[in-house]
Amino acid sequence: MTTGRPGRRTLSGHALARLLGEWEATGGAAYEALAERIRVLLIDGRIPAQTWLPAERDLAEVLGRSRTTVISAYRLLRESGYLTSTRGAGSMATLPSAAGAAPTLADGGLVDFGKATPPMWPGLPDIYRDVAGSLSAEGMGSGLDLIGREALRVLIAARYEEQGLPTRPSQIMVTLGAQHAIALCARSLLTRGDRVVVESPTYPHASEALRDAGGGRLIAVGVTEAGWDVPGFEAALENARPALAYLMPDFHNPTGASMDGATREAVARAAAGAGTLLLIDETTRDLGIDSPAQHPPLAAAAPVDALTVTVGSLGKTVWGGLRLGWIRADEQVVSRLATTRASSDLGTPAVEQLVATELLPRLPEVIADRVEQLRTRRDLLGSLLPEAFPEWRVPMPAGGLSFWVGLGTPMSSALSLAARARDLLLTAGPRFGIDGAYERNVRIPFTAGPDELRSGVALLQDAWRSLPRMAEPVSPAAPVV
Ligand SMILES: Cc1ncc(COP(=O)(O)O)c(C=O)c1O
């Protein structure tokens with residue numbers, strides 16, 4: 001993605017071709033397949049709305065297709081409200097109002113396999129009531145602050161200490177969830193053009209935040225359910241000397257993988273050697289289903305603690321709606337983050353912090369409930385999926401929130417569109433990759449309730465059967481254009 005004229009987001013022909021990946025695999029006329037792929041890129045956010053697409057001639061050249069194919073694809077997109085063209089200015093991708101407002105379960109009739117968001121921990125309303133009941137104007141000050149209330153920071157620091165990572169309360173900043181923490185770190189700690197390592201697949205909103213903040217080039221290092229590409233990580237750090245590496249060491253989203261001891265040592269050593277800051281996302285750390293996280297937080301393995309920033313959250317254990325997370329970092333980094341933070345938000349609200357202060361001592365109980373719930377749901381989905389899709393590869397995750405499924409064929413975007421037509425929200429695999437990878441994978445969360453999981457799988461089966469090339473044998477990877 002480039003910005004041509006100031007304030008104008010423009011995609012070059014090459015950039016769009018990378019995002020398109022294996023777009024022809026969906027069958028049918030080429031112009032329809034092209035339009036369909038651009039539509040799915042827009043719907044799932046890989047092409048932000050209001051992005052100017054390349055001129056027809058440029059795209060045709062890069063794709064090795066006739067201009068008529070691209071002109072016809074753009075016409076289809078215009079007719080369905082996904083493109084507006086202005087003579088002399090070009091063609092801008094848009095979302096028709098119904099598609100733009102991503103529908104949610106609250107709208108009714110939809111099954112949501114798009115988000116990995118567990119329901120509220122049932123004890124939370126009582127805690128809110130208790131906090132509201134004892135709320136008093138005394139000692140509340142302005143009700144928001146950039147660093148966080150002392151009592152809460154003491155509890156968060158103590159939790160790290162218990163897990164084998166000595167931490168002072170002054171090393172903690174309370175944030176509005178982990179996403180806020182990641183975006184704040186990206187904005188404060190990166191300089192435009194810095195190189196950044198991310199896992200592949202990765203959590204898309206983190207890679208977006210890193211890219212938006214100036215991670216000029218994202219460098220991908222592979223993760224599968226079997227683990228991290230450690231030599232790839234070491235080589236990336238040695239050759240590219242990235243400013244920052246964003247990692248999810250425990251129950252990685254979307255694969256559910258966790259780093260073993262040797263990987264932790266190697267990653268920490270490589271980062272210290274290259275002077276690369278490790279941005280460690282532990283949002284999913286407490287979601288061990290088969291067993292709890294086996295190692296202390298990754299920062300404990302780092303030879304230089306100041307070269308780590310760790311992010312945590314109550315979003316997956318307690319509830320995403322609580323909007324409460326934190327950053328653990330060197331004191332100097334915390335004060336730098338506090339300085340940058342004020343320009344985008346004025347601090348974490350006091351009531352959420354009071355609720356979190358009540359919650360933290362009860363976290364073992366909360367985690368036990370959550371893990372039990374996730375175990376039932378994972379096991380259910382883990383038996384439904386292989387039954388419904390014997391041709392898929394469905395590795396059983398040891399924790400986390402989702403299955404990372406291998407489809408055996410590059411149909412993930414097509415599947416996500418076909419699912420959407422059946423009121424099933426599903427995020428296509430390439431959303432978790434960089435520049436079009438993972439068309440052969442799809443993430444299926446097990447956070448929904450049992451009935452929803454069952455009806456979602458039935459809709460998914462119907463969507464899968466509707467795809468034109470389903471019956472074909474598994475083909476080797478086609479070249480990415
Ligand atoms: C790995 C990871 N990091 C961060 C977040 C954002 O969490 P929060 O709700 O605390 O902002 C998520 C949410 O899905 C996540 O999966």
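It should be emphasised that the depicted structure is a prediction, and the values quoted were computed from it without experimental measurement. All values below were derived from every heavy atom in this structure, side-chain atoms included, with hydrogens, water molecules and symmetry-related copies excluded. Both counts, for ligands and for their atoms, begin at 1 and track the order of listing.
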- Message: Return the closest protein heavy atom for atom 1 (C) of ligand 1 as residue, atom name and distance.
- Response: Asp281 OD2, 3.3 Å
- Message: Which of the numbered atoms in ligand 1 are under 4.0 angstrom from any heavy atom belonging to Gly177?
- Response: 10 (O), 11 (O)
- Item | NZ/NE/NH1/NH2 to OD/OE distance under 4.0 Å, Arg241 and Asp194 | no
- Message: Between Asp281 and Tyr203, do the side chains contain a donor N or O and an acceptor N or O under 3.5 Å apart?
- Response: no
- Query: Counting only N and O atoms by type, is there a donor-acceptor contact under 3.5 Å from the side chain of Thr284 to the main-chain atoms of Phe251?
  - Reply: yes
- Message: List ligand 1 atoms under 4.0 Å from Arg323, heavy atoms only on the residue side.
- Response: 8 (P), 9 (O), 11 (O)
- Message: Regarding Asp330 and Arg336, does a basic nitrogen lie under 4.0 Å from an acidic carboxylate oxygen?
- Response: no
- Message: For atom 6 (C) of ligand 1, what is the closest protein heavy atom, and at what distance to 0.1 Å?
- Response: Tyr203 OH, 3.4 Å
- Task: Taking only heavy atoms of Met248 into account, list the atoms of ligand 1 that are under 4.0 Å away from them.
- Result: 1 (C)
- Task: Do me a favour and list the nearest non-hydrogen protein atom to atom 16 (O) of ligand 1 with residue, atom name and distance?
- Result: Asn253 ND2, 2.9 Å
- Query: Is a salt bridge present between Arg393 and Glu225, judged by a nitrogen-to-oxygen distance below 4.0 Å?
  - Reply: yes
- Which of the ligand 1 atoms, numbered from 1, are nearer than 4.0 Å to a heavy atom of Lys316: 12 (C), 13 (C), 14 (O), 16 (O)
- Point-to-point distance, once rounded to the nearest 0.5 Å, from OG of Ser170 to CD of Gln332: 11.5 Å
- Message: Which option wins on minimum heavy-atom distance to atom 7 (O) of ligand 1: Ser402, Ala116, Ala178?
- Response: Ala178
